[in-house]
Amino acid sequence: MAGNRASVQVGGVVAVAVLAAGSWFGWMGWDHEYQTDPVTGVVSGPYEAWQVIGCAVTLLAIFAGAVVAGVRPAFVSIALTLAFTAAWTYTAAAEDATGLYGAGAVLLLLGLGLATAVATLVVALIRSRRGAA
């Protein structure tokens, strides 16, 4: 029985990592084009709001699905954060001549780590309330 639980954790962590990295490449990793507003001349991008929102919803769905499947939320948080950051860093490092991608990688790691830690805390609070009820 303990071996089955361990295999759920390991398999779940691997699946989360693959899906998180895939969400980067699927939603945003392919977009390298900046947009220029013809009226104001303001340049934005390369990502559109719909891409960022879609990616965030996908990551949340990955997180929730893994937790429902029985993977520990802390493991999900770590796997999702590290895999997504690694995928982003792989793309950014290949395109950045300034070396500033390193700062972006640290900021992404911290921001996504904080977001997944909050999600883990929410899961813990929900579980504790259900246990108390």
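All values reported here derive from a predicted model rather than from experimental measurement. When a residue number appears, it is its place in the shown sequence, counting from 1. All heavy atoms count here, side chains included; hydrogens, waters and symmetry mates do not.
Leu82 places a side-chain heavy atom less than 4.5 Å from the side chain of Leu109. A heavy-atom distance below 4.5 Å is not found between the side chains of Val42 and Thr36. In this structure the side chain of Val16 never reaches within 4.5 angstrom of the side chain of Phe75, judged on heavy atoms. For the pair Ser23 and Met28, the minimum side-chain heavy-atom distance is 4.5 Å or more. Side-chain contact between Pro46 and Glu33 is absent, with no heavy-atom pair separated by less than 4.5 Å. The closest side-chain heavy-atom distance from Trp27 to Trp50 is below 4.5 Å. The shortest side-chain heavy-atom distance between Phe25 and Tyr90 falls under the 4.5 Å cut-off.
Side-chain N or O atoms of Gln35 include none that pairs as donor or acceptor with a backbone N or O of Val43 at under 3.5 Å. Listed for the Thr81 side chain is no donor-acceptor partner under 3.5 Å among the backbone atoms of Ile78. Side chain of Gln51 to main chain of Glu48: a donor-acceptor pair is present (N/O by atom type, distance under 3.5 Å, no hydrogens or angles). Under the 3.5 Å distance criterion, the side-chain polar atoms of Asp96 are matched with a main-chain donor or acceptor of Tyr101. Looking only at distances, a side-chain donor or acceptor of Trp30 sits under 3.5 Å from a matching main-chain atom of Gly26.
Shortest non-hydrogen contact noted between Thr89 and Ala105 is OG1-CB, 3.4 Å. Minimum heavy-atom separation, Ala83 to Ala21: O-CB, 4.0 Å. Nearest heavy-atom pair, Ser128 versus Leu125, reported as atom, atom and distance to 0.1 Å: OG-O, 2.9 Å. Heavy-atom minimum distance, Val76 versus Ala66: CG2-CB, 3.6 Å. A pairwise comparison of heavy atoms in Ala117 and Ser77 identifies N-OG, 3.8 Å as the closest pair.
Here the straight-line distance linking atom CH2 of Trp24 with atom SG of Cys55 works out to 7.5 Å at 0.5 Å rounding. Rounded to the nearest 0.5 angstrom, Leu110 CG and Thr85 OG1 are separated by 9.0 Å. Here the straight-line distance linking atom CG of Leu80 with atom CG of Leu59 works out to 5.0 Å at 0.5 Å rounding.
Among the candidates Leu108, Ile62, Thr116, the single residue satisfying the side-chain contact (heavy atoms from CB on, under 4.5 Å) test with Phe84 is Leu108.
Taking hydrophobic clusters as Ile, Leu, Val, Met, Phe, Trp and Tyr residues chained together by side-chain heavy-atom distances below 4.5 Å, Val71 does not share a cluster with Ile126.
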